[in-house]
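Note that the coordinates shown come from a computational prediction; the quantities given were computed from them, not determined experimentally.
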Amino acid sequence: MDDFNNNFHFNNDSHNGQRRRTPGEIAAEYTKLIVPEMSAELTKYESYVKYSFAAVVAGFILFALGGFTAVMTEGRTFAVAVIGFILFGAGGVLSGINTGKKQAIAMYVSALNEIKLKEVCYFSELHIGKISGDGVAAAVIQRLIDTGNLQGYEIIGGRAVAKASLALKPSDLSPPASPAQGQASVVYIRDEREIETKCSNCGADFQANEKFCSYCGKQRKM
């Protein structure tokens, strides 16, 4: 995963006179691997990585054996060594490509699982948001929604994703807050309703008029 992240950061900078990529181009690179049934796609690429590695191993063995026996047989098995060399090289290239794609897909599947655990999930809480910002995260999540991986979800205010049934507005969101220690507490206001000042799930402080915890997404009792 670190190699994958570094590649995206590296490619986003000007280097050796290359043009700096636009945010749209970066978002397109992130979203091109998103298809329906991402979990099945991850399983497929895990198999591709295994097959590619097997080709590398088989190619190395053929190259070594073919080269050794070619010496012993005055070159009659040299073709085996050549085949092994080609298989080794092709397997190495495919292994690198498939590993990179598998890492990207694994990141999307992880984001899917994290989003589905919460009613409201801020982009900054997701790995994709941390490494690339809200703009790319929004493009990725919208693509996940469009492909049916996140049915019943919608993007709110370009900063979070939530269940559409909640009918949230951007004004219902607040910037993510750091979790605070302590138990949930209750205060009384003039109409004698009980309102949580701390989240009963993670202990983070609620901001004024917040309806959902900005750290874990749990609904506030009001």
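Pairing each heavy atom of Gly66 with each of Ala81, the nearest pair is C-CB, 3.7 Å. Considering all non-hydrogen atoms of both residues, Ala162 and Leu168 come closest at CB-CD1, 3.9 Å. What you find for Gly91 and Ala55 is that their closest heavy atoms are CA-CB, 4.0 Å. Across Cys121 and Ile115, no two heavy atoms sit closer than the pair SG-CG1, 4.1 Å. Contact record, Ala137 with Gly129: CB-CA, 3.9 Å, taken as the closest heavy-atom pair. When all heavy atoms of Leu87 and Gly59 are compared, the pair lying nearest together is CD2-N, 3.7 Å.
In this structure, Tyr48 has its ring center at least 6.0 angstrom away from the ring center of Tyr51.
One finds the OH atom of Tyr122 at 5.5 Å from the CZ atom of Arg159 (value rounded to the nearest 0.5 Å). Going from atom NZ of Lys118 over to atom NZ of Lys163 covers 13.0 Å, rounded to the nearest 0.5 Å. Ile131 CD1 to Leu126 CG: the interatomic distance, rounded to the nearest 0.5 Å, is 11.0 Å. We find the OG1-CG distance between Thr147 and Leu144 to be 5.5 Å, quoted to the nearest 0.5 Å. For the atom pair CG (Asn149) and OG (Ser39), the distance works out to 7.5 Å, reported to the nearest 0.5 Å. How far CD of Glu119 is from OH of Tyr153: 8.5 Å, rounded to the nearest 0.5 Å.
Using a 4.5 Å heavy-atom cutoff, the side chains of Ile34 and Ile105 are not in contact. In this structure, Ile155 and Phe123 have side chains that are in contact, with non-hydrogen atoms separated by less than 4.5 Å. Side-chain contact check for Lys130 versus Glu125: every heavy-atom pair is 4.5 Å or farther apart. The closest side-chain heavy-atom distance from Phe60 to Val56 is not below 4.5 Å.
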- Message: Walk me through whether Met38 and Leu42 qualify under side-chain contact (heavy atoms from CB on, under 4.5 Å).
- Response: CA-CA 6 Å; Met38 288 298 291; Leu42 176 59; over 6 Å; no
- Task: Walk me through it: do Glu154 and Val161 pass the test side-chain contact (heavy atoms from CB on, under 4.5 Å)?
- Result: CA-CA 6 Å; Glu154 62 181 355; Val161 58; over 6 Å; no
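Met107 and Ile145 end up in the same hydrophobic cluster when Ile, Leu, Val, Met, Phe, Trp and Tyr side chains are linked at under 4.5 Å. Under the 4.5 Å side-chain contact rule for hydrophobic residues, Leu150 and Val35 share a cluster. Linking Ile, Leu, Val, Met, Phe, Trp and Tyr residues whenever their side-chain heavy atoms come within less than 4.5 Å places Val140 and Val109 in a single cluster. When hydrophobic clusters are built by joining Ile, Leu, Val, Met, Phe, Trp and Tyr residues whose side-chain heavy atoms come closer than 4.5 Å, directly or via intermediates, Ile156 is grouped together with Leu166. Grouping the Ile, Leu, Val, Met, Phe, Trp and Tyr side chains by contacts below 4.5 angstrom, directly or via other members, places Phe88 apart from Leu62.
Formation of a donor-acceptor pair under 3.5 Å by the Ser110 side chain with backbone atoms of Ala106 is not found in this model. Between the side chain of Asp172 and the main chain of Lys169, a donor-acceptor pair closer than 3.5 Å is present.
A 6.0 Å sphere centred on CD of Glu46 holds more than 12 heavy atoms belonging to other residues, nucleotides or ligands. For Lys50, the NZ atom is loosely surrounded, since the number of other residues' heavy atoms within 6.0 Å does not exceed 12.
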